[in-house]
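Counting begins at 1 with the first residue of the sequence.
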Amino acid sequence: MAKTVKKFETEVQQLLDLVIHSLYSNKEIFLRELISNASDAIDKIKFESHSNMELLEGNAEWKIKLHADKDAGTLTITDNGIGMSMDEVADNIGTIAKSGTKNFVAALKEQNLADNPELIGQFGVGFYASFMVADKVVLTTRRAGEKQYGCRWESTGDGSYTIEECEKETRGTEIVLHLKDEMKEFLDEWKIRSIVKKYSDYVQYPVVMDITRSEPVKDAEGKVIEGGGTIDKTTEETLNSMKAIWTRSKSEITEEEYEEFYKHISHDYDKPLSTIHYSAEGVSEFKAIVYIPSHKPFDLFLRDHKKGVHLYVKRVYITDNCEALLPDYLRFIKGVVDSSDLPLNVSREILQEDVQIKRIQKSLVGKVLSTLAEMKEKNFDDYLKFYGEFGPVLKEGIHFDYANKEKLQELLLFESSKTEKGKFVSLKEYVERMPEGQKEIYFITGMSRESVENSPYMEALRKKDYEVLYMTDPVDEWVVQAVNQYQDKHLKAIDRGDLELDTEEEKKEKEAKKEEAKKEFGGVMEYIQETLKDRVKEVRLSSRLTESACCLVADEMGLNANMEKILKAMNQEVPEGKRILELNPEHQIMQVMTAMYEKDKNNPKLADYSELLFDQALLTEGSPIKDPLRFTRLVSELMVVGGK
């Protein structure tokens with residue numbers, strides 16, 4: 001058959017331009033694609049040779065060979081796979097969107113054959129990545145078993161190609177890339193090594209290259225001959241390890257190997273806290289080795305923090321930052337996921353948003369959470385180490401991962417009024433030790449244990465001996481918005497809304513006392529309300545204070561002081577709002593101010609005392625006061641009067 005010039009099919013040139021200029025963000029991807037196609041070709045002949053050994057032609061030493069010729073400016077990729085016939089070349093390459101691999105897999109499925117080879121690429125698309133770096137591509141191939149002739153295909157990517165019969169002694173495919181002048185770096189040995197190591201290290205066939213090194217001349221016994229000069233020696237070296245640890249069974253892998261692999265992918269010098277190695281089968285098939293680190297990385301809370309899960313498809317590297325594989329609250333997880341059936345788009349770089357990726361994520365998240373639950377149950381010391389490092393990050397999932405909210409709730413730990421500093425209680429343990437008569441799970445948010453422990457909001461609960469959860473992580477403010485109840489017990493903030501701690505009998509008794517107090521202090525409370533009307537929503541008598549004179553309380557759904565501080569620290573706009581000033585009817589200041597009010601309603605000291613109460617409430621909750629100088633002057637005056 002003479003050389004024939006053919007045009008690509010309709011719109012193929014537009015697709016080719018897309019591949020060359022837009023589809024791949026990284027030029028070095030071309031070599032990954034060609035090695036993947038070569039691996040596919042070897043898979044195919046291995047499979048077909050089971051039923052026809054003659055296809056092997058006496059050559060079953062599988063390998064993919066690279067050859068860089070700097071003088072000619074060419075990079076050659078050769079394999080001893082199945083090869084292609086003339087019709088297959090025209091069909092698979094002449095039509096860019098057609099995939100020989102895809103059709104091969106479809107045919108296997110129709111035959112319902114077991115032990116199908118795992119095929120990586122789509123030849124028609126991956127092959128054309130060559131034109132990102134080459135201005136001419138020459139492909140020479142011969143199909144196994146068809147010894148009479150081979151086929152040569154050649155194109156400069158300008159919309160046409162030539163195809164002709166040729167002689168080729170061995171089966172398989174050879175692709176010669178005539179590199180563009182600005183792409184000659186891909187002929188450097190170090191560059192080729194780095195690309196193969198990054199993308200194709202775990203391809204199951206050796207990727208080899210002849211390496212030439214200068215060596216001193218040696219005698220017959222292997223000793224260096226002094227003054228003998230040097231000689232160039234060429235040896236064939238394998239560039240990839242082919243050791244995909246995740247494809248082996250757990251029983252074959254030692255702890256040292258797991259740790260070595262963790263350090264390799266995470267760049268962490270410490271051992272991981274836990275290793276998760278499993279295979280998922282059924283609707284979605286993939287293998288995974290993921291690790292829970294023993295400490296958090298420095299950039300865990302930075303916006304550009306890279307997630308640590310590497311994605312492979314049939315042992316070919318895709319990305320080391322696959323955001324779709326794990327939700328953001330598990331961004332500390334390191335490891336590898338290798339999918340057998342994950343669909344990719346034509347670029348092989350960007351995962352499609354489809355059901356397969358969601359299934360992998362669901363399975364992976366479930367496995368991580370069940371591992372953490374088991375650690376919490378069986379090795380609490382390890383879980384405390386984990387929680388100390390990653391607890392605040394894990395809590396983010398409560399707000400965003402509704403499907404796993406119940407599982408995440410069981411993983412939460414908090415310090416409380418019943419625990420020593422540094423000791424924790426779970427929601428389950430809290431509920432189990434609730435005294436009879438307690439209706440709700442009480443909590444307080446704040447910046448530190450010390451600030452919440454000494455808060456005036458704690459007084460009535462301490463008197464009742466009710467346990468209060470101390471929520472001192474900033475993220476806790478969002479956690480309690482998502483977890484409003486646990487085991488039918490509502491979570492109640494002790495610094496918001498009304499606080500009902502009493503039995504019906506106690507409530508009746510306190511209501512009677514409160515009515516008396518309203519009569520006694522009604523006038524002075526109205527005065528305080530009028531004086532502070534620009535700063536407080538309401539002034540009322542408190543049921544939560546037993547020792548302190550006053551406190552500020554947010555509405556049930558309003559912003560408390562802690563949330564306001566967090567929003568301001570995040571440079572967020574804090575909406576204008578007023579809180580409720582609660583006064584302790586049993587505190588002596590109420591009698592003092594009432595006596596002053598009844599004696600002289602126009603006494604200027606009443607306004608000063610009202611201001612002092614408000615500032616005092618701000619200080620006890622850790623908020624800044626408007627006029628510190630005036631506050632200190634008033635306190636000093638009171639000290640002088642009290643000292644006389």
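- Using a 4.5 Å heavy-atom cutoff, the side chains of Met525 and Met590 are in contact.
- In this structure, the side chain of Thr419 does not engage the main chain of Glu415 through any donor-acceptor pair within 3.5 Å.
- Listed for the Tyr383 side chain is a donor-acceptor partner under 3.5 Å among the backbone atoms of Leu411.
- No donor-acceptor pair closer than 3.5 Å links the side chain of Asn379 to the backbone N or O of Met375.
- Look at Asp615 and Lys626 and you find no salt bridge, because none of the NZ, NE, NH1 or NH2 atoms lies under 4.0 Å from a carboxylate O.
- Between Phe386 and Phe332, a ring centre-to-centre spacing shorter than 6.0 Å is recorded.
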Using the salt bridge (charged side-chain N to carboxylate O under 4.0 Å, His left out) rule, take Lys334 and Asp268 through it: C-alpha gap first, then chi angles, then the decisive distance, then the call.
-> CA-CA 10 Å; Lys334 305 292 183 185; Asp268 185 2; over 6 Å; no
Please assess Lys519 against Glu515 for the test salt bridge (charged side-chain N to carboxylate O under 4.0 Å, His left out), listing each intermediate value before the final yes or no.
-> CA-CA 6 Å; Lys519 292 176 184 176; Glu515 287 302 317; over 6 Å; no
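- Between Phe286 and Tyr278, the gap from one ring centroid to the other is short of 6.0 Å.
- In this structure the side chain of Leu638 reaches within 4.5 angstrom of the side chain of Leu612, judged on heavy atoms.
- Proximity of Leu408 to Tyr329: side-chain heavy atoms (C-beta onward) are separated by under 4.5 Å at one or more points.
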List the steps and the verdict of side chain to side chain contact (heavy atoms under 4.5 Å, CB included) for Val468 and Met458.
-> CA-CA 8 Å; Val468 179; Met458 290 288 299; 3.8 Å; yes
Stepwise salt bridge (charged side-chain N to carboxylate O under 4.0 Å, His left out) test for Lys421 and Glu450 | CA-CA 10 Å; Lys421 187 174 182 179; Glu450 290 73 21; 2.9 Å; yes
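- Under 3.5 Å, the side chains of Asn603 and Asp600 contain no donor-acceptor pair of N or O atoms.
- Remark: side-chain polar atoms of Thr531 are paired, donor with acceptor, to backbone N or O of Tyr527 under 3.5 angstrom.
- Between Pro272 and Glu259 there is a side-chain heavy-atom pair separated by less than 4.5 Å.
- Counting only distance, with no hydrogens or angles, the side chain of Glu586 and the backbone of Thr546 share no donor-acceptor pair below 3.5 Å.
- For NZ of Lys537, the number of neighbouring non-hydrogen atoms (other residues, nucleotides, ligands) closer than 6.0 Å is 12 at most.
- The main-chain N or O of Arg496 is found under 3.5 Å from a side-chain atom of Lys492 such that the two form a donor-acceptor pair.
- Counting heavy atoms from C-beta on, the side chains of Leu581 and Cys550 come closer than 4.5 Å.
- Note on Asp498 versus Arg540: salt bridge recorded, some NZ/NE/NH1/NH2 to OD/OE distance being below 4.0 Å.
- Using cut-offs of 30° and 60° on the angle between ring planes, the pair Tyr258 and His277 is perpendicular.
- For Lys376, the NZ atom is densely surrounded, since the number of other residues' heavy atoms within 6.0 Å is greater than 12.
- Judged purely by atom type and a 3.5 angstrom limit, Tyr430 has no side-chain atom pairing as donor or acceptor with the backbone of Val425.
- Distance check: Leu325 CG to Leu364 CG gives 6.5 Å after rounding to the nearest 0.5 Å.
- Within the 4.5 Å cutoff, no side-chain heavy atoms of Phe400 are placed close to those of Asp328.
- Taking a 6.0 Å sphere around CD of Glu440, one finds it holds more than 12 heavy atoms contributed by other residues, nucleotides or ligands.
- Atom NZ of Lys533 sits in a sparse spot, with 12 or fewer heavy atoms from other residues, nucleotides or ligands closer than 6.0 Å.
- Proximity of a side-chain donor or acceptor of Tyr466 to a complementary backbone N or O of Tyr442 within less than 3.5 Å is not detected.
- Arg544 places a side-chain N or O within donor-acceptor distance of the main-chain N or O of Ile494, the cut-off being under 3.5 Å.
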Run the numbers on Lys418 and Glu429 for salt bridge (charged side-chain N to carboxylate O under 4.0 Å, His left out), then give the verdict.
-> CA-CA 11 Å; Lys418 297 283 188 180; Glu429 290 168 330; over 6 Å; no
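- Residues Asp465 and Pro435 form no side-chain contact, since every pair of their non-hydrogen atoms from C-beta on lies 4.5 Å or further apart.
- Note: Tyr317 and Tyr312 have perpendicular aromatic rings, judged against thresholds of 30 and 60 degrees for the angle between ring planes.
- Between Leu330 and Phe390, the closest side-chain pair of non-hydrogen atoms is not below 4.5 Å.
- Lys385 contributes no side-chain N or O that, together with a main-chain N or O of Leu273, makes up a donor-acceptor pair within less than 3.5 Å.
- A donor and an acceptor atom, one from each side chain of Ser542 and Glu582, are located under 3.5 Å apart.
- A salt bridge does not link Arg462 with Glu547: every distance from a Lys NZ or Arg NE/NH1/NH2 to an Asp or Glu carboxylate oxygen is 4.0 Å or more.
- Under 3.5 Å, the side chains of Glu410 and Tyr486 contain a donor-acceptor pair of N or O atoms.
- Checked for salt-bridge contact, Lys601 and Glu526 miss the test: no charged N lies under 4.0 Å from a carboxylate O.
- Environment of CD in Glu556: crowded, with over 12 heavy atoms of neighbouring residues, nucleotides or ligands closer than 6.0 Å.
- Under 3.5 Å, the side chains of Ser548 and Glu459 contain a donor-acceptor pair of N or O atoms.
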